[in-house]
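In what follows, chains are A, B, ... by sequence order, proteins preceding strands, each numbered from 1. Note that the coordinates shown come from a computational prediction; the quantities given were computed from them, not determined experimentally.
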Amino acid sequence: MTRTHTCGALRPDDVGADVVLLGWVHRVRDLGGLLFVDVRDRAGVTQIVFGNDDEALMAKGKRLRSEYVIGVEGRVQRRSAETVNPKLETGEVEVVVRKLTLLNEAKTPPFSITDDAQVSEDVRLKYRYLDLRRPRLQANIGLRHRVMTVVRNYFDANGFWEIETPILTKSTPEGARDYLVPSRVHPGEFFALPQSPQLFKQILMVGGMDRYVQICRCFRDEDLRADRQPEFTQIDVEMSFARPETIFGIIEPLMREVFAVIGKKITTPFQRMPYAEAMAVYGSDKPDLRPGMPIQDVRELFRESSFGVFKSIVAEGGTVRAIVVPDAASYSRSAVDGIVNQEKAQGRHLLWARRADDGTMTSSFPKAVGEETVRQLLDATGTEKGQLAFVVAGEPDTTSKMLGQLRLNLAKQKGLLGNDEYAFLWVVDFPLLEWDPEAKRYNSMHHPFTSPHDDDHALLAKEPGAVRAKAYDLVLNGSEIGGGSIRIHDSAQQSQIFSLLNISKEEAQLRFGFFLEALEYGTPPHGGIALGLDRMVAILAGESSIREVMAFPKTAAAIDLMAGAPSPVDAKQLKELHLKI
RNA sequence: GGGGUUGUAGUUCAGUUGGUUAGAACGCCGGCCUGUCACGCCGGAGGCCGCGGGUUCGAGUCCCGUCGACCCCGCCA
């Protein structure tokens, strides 16, 4: 039996044709002398009909159950006007069965193969092969494929070569925890799975490959989240002779093409925002611009104010910050108190002030502060009638982070995170280094191969913490979907950075010696970026977890519920690998 | 590592102040039914109440522990 059409293909034009459909029994409707079966495949659902003129055939049809795999030979027939099903793409026709072949039986599935079936995620993950049959995942996985195809074609058209890099590679114990693979041949030694092909792609630039791209799997042994899996897929990009603008100029049109896959037009160039501004105004290095509500600094109002608490915080170098909630008329006093109490439970003190629709001011500021100060605050923050301002005082960093979280929570509650809105943003000018107070030393914010900003070279010796990096993150709707940098191509500068990071020559040699040596053989200036494919596709699909766009994701405990991995192994295997548990 | 939500039939859930035989819907099985499409109607089966311990005359319900799922913080150069 050879398939002539998919189950989503037949239309009135096909009436009279003899066709063969292959697929799964989606639903059976047995009316006694008449039997309808919906046959489903990746493309859709088609109704087939058994009449009782052929008793043997009817009897065979009546034995069909959900998810049996069948082949159907028959003639396409137009449905009468009353029996057309407008919910089906193929609903104007049906196939009158002439021959039925049972290709395979199926156990009764634990959940029905429809999107409306409510199933807990552990059941879905255990029976992932059934979950994958459902329209939602079929659509998501199909979308993922189309995005990957667009990406490959785009980079090919722009002169990039897709080059594979090793999966078994060298552990570089900075950054995330490595997944290790023991070497059988070399007792006591290990490969690591790549956290990203960082060094290899840079060496490809040394190797004159000029433009590299790879849709590659990366591995990080860290705790999971809705947007983090231990293995995930990056669109990894590296270009010789690149400046940040070169990278933006390649990625922005790519995003246009990717979003065209779901029929969305996005505007380029994307907004750019220095890291410092993102932190101050949105309390995050990956701000979601959709809900508005920027954080405002109102410290000057309180420098000489009658509000002693705020005044002394400002005097000690702290700050006072606020966000204004629009359309807050619906917020009852108890709702506002609820928000304040929630913050209080986390040890954070939140004040508020509002203007009612009639202009009346109310606030949680102490009486002694006075109405005039509250009015100034509302004026300064632009809080209009029907709006509400939340205010917090303290260290700049803490206040911003707190208000940043609050604004996201409020936005979520108020439904301000439009699912059809795409707010792209380049966050630029990241600090090169961040101070680790415990270890009392600097760490790379991005990675140790990131080039310092041209204007900040002089600061390297004097004030390393103030040096900006030529690093950039691509942020979409509050999700970090990519990050990259221009790299150091000069081995002397690379050594300088290592010494700032307190990595000794010997240590650097041990960890990245091969890479440092490569830098000495005529390395072109270069830079790149890595985009998180899973996160990108999740946003395109409107999913809140990347598990919904991966065929075989792991649980929050990093377990594959279907395959049952990880699992113990034979003593023999351990012995060969020179391992003892 | 920490915080929160959660676990009862195949699935999703209900289950009162601790009290007879643990319910519903869908699914499943059987019967009837010639225009259904979430077919309908009639009947039936189906439970280690996650697991272990404790309190109690008595535990799905209370207590302790443990395991799994999800979300968040830490972590993720």
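Listed nucleotides: C75(B), U36(B), U12(B). Nearest to the side chain of Thr83(A): U36(B). Ranking U12(B), C37(B), C76(B) by closeness to the Val119(A) side chain, first place goes to U12(B). In this structure, of C37(B), C72(B), C75(B), it is C72(B) that holds the atom nearest to the side chain of Ala226(A). Minimum atom distance to the side chain of Ala176(A) is reached by C76(B), of the listed G35(B), C76(B), U12(B). Picking from C75(B), U12(B), U36(B) the nucleotide with the shortest atom distance to the side chain of Arg177(A) gives C75(B).
Comparing the same atom, P, in A45(B) and in C62(B) gives a spacing of 31 Å after rounding to whole Å. On the C1' atoms, C64(B) is 16 Å away from U56(B), given to the nearest whole Å. With both ends at atom C1', the span from G47(B) to U55(B) equals 25 Å, rounded to whole Å. Taking the P atoms as reference points, C26(B) lies 41 Å from U66(B), given to the whole Å. As rounded to the nearest Å, A9(B) and A22(B) have C1' atoms that lie 10 Å from one another. Comparing G10(B) with C32(B), their P atoms are spaced 28 Å from each other, to the whole Å. Rounded to the nearest Å, the gap between the P atom of G27(B) and that of C73(B) is 40 Å.
Remark: U56(B) base-pairs with no nucleotide in the shown strands. Criterion, Watson-Crick or G-U wobble with two distances under 3.5 Å. Using the Watson-Crick or G-U wobble rule with both distances under 3.5 Å, U12(B) pairs with A24(B). Pair check for C75(B) finds none; no Watson-Crick or G-U wobble contact set falls under 3.5 Å. Look at U66(B): its Watson-Crick or wobble partner, with both distances under 3.5 angstrom, is G50(B). In this structure, C33(B) makes no Watson-Crick or G-U wobble pair, since no nucleotide meets both defining distances under 3.5 angstrom.
The base of C37(B) does not come close enough to the side chain of Arg27(A) for any donor and acceptor atom to sit less than 3.5 Å apart. Judged by atom type and distance alone, Asp223(A) reaches the base of G74(B) through a side-chain donor-acceptor pair under 3.5 Å. Judged by distance alone with a 3.5 Å cut-off, no donor-acceptor contact links the side chain of Glu222(A) to the base of G74(B). Applying the 3.5 Å distance criterion, the base of C70(B) shares no donor-acceptor pair with the side chain of Arg225(A). Evaluation of atom-type donor-acceptor distances gives a pair under 3.5 Å for the side chain of Arg79(A) against the base of C37(B).
A donor and an acceptor atom, one from each side chain of Arg42(A) and Thr6(A), are nowhere located under 3.5 Å apart. Using a 3.5 Å distance cut-off with no hydrogens or angles, the side chains of Gln214(A) and Thr165(A) do pair a donor with an acceptor. A donor-acceptor contact closer than 3.5 angstrom links the side chains of Asp236(A) and Tyr212(A).
Here Arg124(A) lies out of heavy-atom contact (under 4.0 Å) with every strand. Among the heavy atoms of the strands, none lies under 4.0 Å from Asn443(A). Among the protein residues, Glu480(A) comes within range of no part of the nucleic acid, since none of its heavy atoms lies under 4.0 Å from any strand. Among the protein residues, Ala557(A) comes within range of the sugar-phosphate backbone only, with heavy atoms under 4.0 Å from sugar or phosphate atoms but none that close to a base.
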Show every donor-acceptor pair shorter than 3.5 Å between a side-chain atom in residues 27-38 of chain A and any protein atom, with sequence neighbours excluded, or say none if there are none.
unit_1	atom_1	unit_2	atom_2	d
Arg29(A)	NH1	Asp38(A)	OD2	3.0
Arg29(A)	NH2	Asp38(A)	OD1	3.0
Arg29(A)	NH2	Asp38(A)	OD2	3.4
Arg29(A)	NH2	Gln47(A)	OE1	2.8
Asp30(A)	OD1	Gly32(A)	N	2.9
Asp30(A)	OD1	Lys62(A)	NZ	3.0
Asp30(A)	OD2	Lys62(A)	NZ	3.4

*asked:* I'd like to compare against my own output: the B/S/- annotation of nucleotides 22-32 of chain B with a strict under-4.0 Å heavy-atom distance to protein.
replied: ------SSS--
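For the pair Leu31(A) CG and U34(B) P, the interatomic distance rounds to 8 Å; values are reported in whole Å. Rounding to whole angstrom units, CG of residue Asp436(A) and C1' of C75(B) are separated by 13 Å.
Aromatic stacking is marked for Phe36(A) over U36(B), as both cut-offs hold: 5.5 Å for the centres and 30° for the planes.
For G68(B), neither phosphate oxygen OP1 nor OP2 lies less than 4.0 angstrom from any side-chain nitrogen or oxygen of Thr555(A). Of the side-chain N and O atoms in Lys126(A), none sit less than 4.0 angstrom from OP1 or OP2 of G68(B). Phosphate contact (OP1/OP2 of U36(B), side-chain N/O of Arg29(A), threshold under 4.0 Å): absent.
Near RNA chain B, defined here as any heavy-atom distance below 4.0 Å, the residues from residues 46-54 of chain A are Gln47(A), Asn52(A), listed numerically.
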